Structures are given as C-alpha cells and as structure tokens.
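Quick caveat: nothing in here was measured; it's all calculated off a predicted structure.
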Amino acid sequence: MIMLYVVLFFTFFSLFLYVLLGGADFGAGIVELFSSRGNRKLTRDTIYRVMGPIWEANHIWLIILIVILWIAFPSYFNIIIIYLHVPLTLVLLGITIRGVAFIFRHYDAVVDRSQVWYNRLFRIGSFITPVFLGMSFGTLVSGKIILTTDYSQIGFADIFLFPWLNVFTLLTGLFYAALCAFLASTLLIGETTGEVRKIYSRKSAIFTITLVLIGGAVLAYGYFTNMVFVKDFLQNTLSLAAIALSAILLLPLWQSIKKQYSMRTRILAGIQVLLVIFAAVNTHFPNLIITSTSELDLLAGAAPDSVIRVLGISLIIGGAVILPGLFHLMKSFNMIYPKKDLHQ
C-alpha cells in the first residue's frame, strides 16, 4: 500500500513538473507568436538564451508520466491511447515540429526564406501542442467518450473525433495554452532587465487576465451544459478552496509582476499551477475518466502489488538521481536564481 502512494505521488509530481516546466517551454513560442513584429527578434533571442540549454530536459516528465500510467494503471493507459490517439498524435507532431524548427532556426548556416518557415513552425507548434494537450484532458472528464469494442456499429467520428472536438475541450485547450504563455512571460521577467523586463511584465499581466477569463468560460460552459465534472467541481469544497486561494494569490502575483520581482513572481506562478492541478484532480479522484456511461476508478485498474512495489522502488531511486541533476542543470544556467530584481 505504501508503494502505491509512492507511485501516485510520482504520477502527479511528474504531471505538475511537466505542466510547469514543459508549459513554460511551450509558452515561450506562444509569447513569441503574440509579440509585435518589432519585438519578435528580441523575444526569439531571449528564448534561445533561456531555453537552449534545458528545453529537451522538460519532456522527461511527460515520458515518466506515460511510463507510470503504462505500468501502474494499464486500464487507464489503454483508454487514453485508444480513444485519444488522434489528438495525442497531433501533440507528438507539434512537439516534433517545434523541436526541429527550434534547432534549425539557430543552426542553419544559410539565412534565406527557410528561416521564416522555421520561425513560423516553432510558433505554431508551440501553440497547437498545449491546445491539443488541454483538449485531451478535457476529453477525459467531459463524459463524451464512448467505450465500445464494436466499432462497426458506431461511426469513427463518434468514437474518435467528436469526444475531443467540441466547445468544452477547445476551451480547456485554450486554457492550458494561456497558462503556458503566462508561465513563459513570468519566467522571462527574471531573464531580462530594464525596458525589456517591462515588456514581459506587461505580457505576464495580459496572459494572467486571459487565463482567468478562459477559466471562467470553461466553468460557465460546463455549468450551463450540465457537465458532470464541472457540476461536481462546483460542489467540491477542497477544489473550490484551492481556486479561491488561487484567486487571492492573484493580488500579490499582480503586485510582483508590476514591480518586476522575478523570484517572487516565479514562486507565485508555480503555486498557481499547483492549485489548479490539485483542484482539477481532486474533483473526481480516483474517478479521473468520465465516459458517456460511467466513471472509471484509477485505483481499481491498478497493476498487481508486485508490479507496484518494483515500480515504486524504481521511481524512488530514479528520483534520487534525476532531481539533483535537474536542479544542478537549472542552477548552472541561472534558472533557479534569476537576475537580481530591480526593486529588491
């Protein structure tokens, strides 16, 4: 039983770090996408300086999350891979496109029209990838997944397209994209100085407001369309408390953004992400997949105790190796301790 808690901890810890670090990674491209033409080169150069040494390390948490689901919770993994194979394929395509474009736009020795396409692909890939990731999560809790083994009786679109291609999932996708942009602009506050820092402070404030508005739209749409997840969310005391605390923390967050406090802003942004994930997961835990006919218990489909035990031990050992290495990597490139705050 103890090892099951260990596995659950690493499951949600990996999810948190991927949303936080991977989200900031994606958000850098979104910030560039929504920058003015005059600021795009500045943003591009800043992004490369900040992301260049560590961007590949961010995806390790997605890999760990997938491996944990595959080994520890195979029934959940099976549903996700089968019924979300279309948006997840688009996610992989987006990750590939932006990764290739990120490398080639900096290392291609020939400066010609191809550079324009590298930049466009990086920005587009950075935007669509978190959108499809958010849509995938929205699908899992939307109650629209149709579990069936007889694909001939129900159309392909009804099983594999419409559950993730609707207004609610699109809103959740845009919510995560806005969260990524907020994280990236907040990170960039600590990587710049002077007038440039003011630019990213303004962007962080704008994306914070965008995030709040889209989040409200998600809840409003779910409420008025009688979605089970949203209804239960609005009746869950702990989830509402987490969102209330998140709303309260917006005040010191905006104050930190206004005064360009880089470290304090990063900490508050990380807490915001943690509270949002907690509220979403706590609403229906352990029934984290809601289909058209039932709610599926994550723990009921867990692997045998012997498998959980070995996986738990492996995660503890792996965490002891990976986490210090990641900390050292980020510290080496000033990701832990950003540039000195202007007003501190």
Side-chain angles (χ1 to χ4, degrees), residues 8-9 11-24 26-27 30 65 130-131 133-144 166-187 204-258 264-290 295 298:
L8 286 172
F9 169 78
T11 301
F12 296 112
F13 184 63
S14 299
L15 174 63
F16 167 68
L17 286 183
Y18 187 67
V19 171
L20 184 65
L21 302 178
F26 293 130
I30 299 175
L65 178 61
V131 168
L133 279 170
M135 292 177 74
S136 297
F137 171 77
T139 304
L140 294 177
V141 300
S142 66
K144 296 184 180 297
N166 53 72
V167 175
F168 177 76
T169 56
L170 179 59
L171 286 173
T172 57
L174 292 175
F175 177 82
Y176 182 49
L179 179 63
C180 293
F182 157 71
L183 289 171
S185 54
T186 301
L187 170 68
S204 182
I206 291 171
F207 283 120
T208 301
I209 296 171
T210 303
L211 187 62
V212 172
L213 291 176
I214 297 177
V218 171
L219 294 178
Y221 181 84
Y223 177 80
F224 288 113
T225 55
N226 294 312
M227 300 194 69
V228 173
F229 176 80
V230 174
K231 291 281 190 178
D232 289 349
F233 173 84
L234 295 175
Q235 296 175 1
N236 189 297
T237 304
L238 284 178
S239 293
L240 288 178
I243 294 302
L245 179 57
S246 175
I248 293 172
L249 289 177
L250 284 176
L251 297 177
L253 174 62
W254 283 335
Q255 187 70 13
S256 297
I257 292 173
K258 181 179 180 181
R264 187 186 303 175
T265 304
R266 291 183 182 190
I267 293 173
L268 288 170
I271 294 174
Q272 291 282 349
V273 172
L274 183 62
L275 289 171
V276 169
I277 293 177
F278 173 81
V281 172
N282 178 71
T283 297
H284 259 272
F285 186 82
N287 300 331
L288 299 180
I289 293 181
I290 305 174
E295 299 178 8
L298 176 72

Next on the checklist: My understanding is that only residues two or more places apart in sequence, or in another chain, count here; which of them pass ring-ring contact (aromatic ring centres under 6.0 Å, His included) with Y18?
Outcome noted: H59

Item to check | Partners passing ring-ring contact (aromatic ring centres under 6.0 Å, His included) against Y223 (at least two apart in sequence or in another chain) | outcome: none

Residue pair [X] / [Y]: nearest heavy atoms and the distance that separates them:
X	Y	value
S239	A279	OG-O, 2.9 Å
A280	F137	CB-CZ, 4.0 Å
A184	G27	CB-C, 3.2 Å
T172	G138	OG1-CA, 3.7 Å

Side-chain contact, heavy-atom cut-off 4.5 Å: [X] with [Y]?
X	Y	result
L171	F168	no
F224	L219	no
E295	I289	no

Item to check | Reported CG-to-CD1 distance for the pair L274 and I271, which is rounded to 0.5 angstrom | outcome: 8.0 Å

Checklist entry - Tell me, which pairs form a side chain to side chain donor-acceptor pair (under 3.5 Å) where one or both residues lie in residues 242-252, sequence neighbours left out? => result S246-Q272

Next on the checklist: Between T139 and K144, is the side-chain contact (heavy atoms from CB on, under 4.5 Å) condition met? List the steps.
Outcome noted: CA-CA 7 Å; T139 304; K144 296 184 180 297; over 6 Å; no

Next on the checklist: Applying side-chain contact (heavy atoms from CB on, under 4.5 Å) to Y176 and V131, what does each step give before you reach the verdict?
Outcome noted: CA-CA 6 Å; Y176 182 49; V131 168; over 6 Å; no

Set of residues satisfying side-chain contact (heavy atoms from CB on, under 4.5 Å) with respect to [X], sequence neighbours excluded:
X	answer
L20	F16, L183, V273
F285	L8, F12, V281, L288, L298
S136	L84, P87, L88

Identify all side-chain donor-acceptor contacts of residues 248-256 below 3.5 Å with residues at least two apart in sequence or on another chain.
from	atom 1	to	atom 2	distance (Å)
S256	OG	P252	O	2.9

Holding to side-chain hydrogen bond (donor to acceptor under 3.5 Å, both in side chains), I want the full list of residues that pass it with [X], two or more places apart in sequence or in another chain.
X	answer
S142	none
N166	T169
T265	none

Would you be so kind as to tabulate the donor-acceptor pairs closer than 3.5 Å made by side chains of residues 206-214, with sequence neighbours excluded?
from	atom 1	to	atom 2	distance (Å)
T208	OG1	S204	O	2.6
T210	OG1	I206	O	2.9

Item to check | Any donor-acceptor N or O pair under 3.5 Å, side chains N236, T283 | outcome: no

List the atom pairs, with distances to 0.1 Å, where a side-chain N or O of residues 226-234 and a protein N or O form a donor-acceptor pair under 3.5 Å, not counting sequence neighbours.
from	atom 1	to	atom 2	distance (Å)
N226	OD1	K231	NZ	3.4
D232	OD2	H284	NE2	2.7

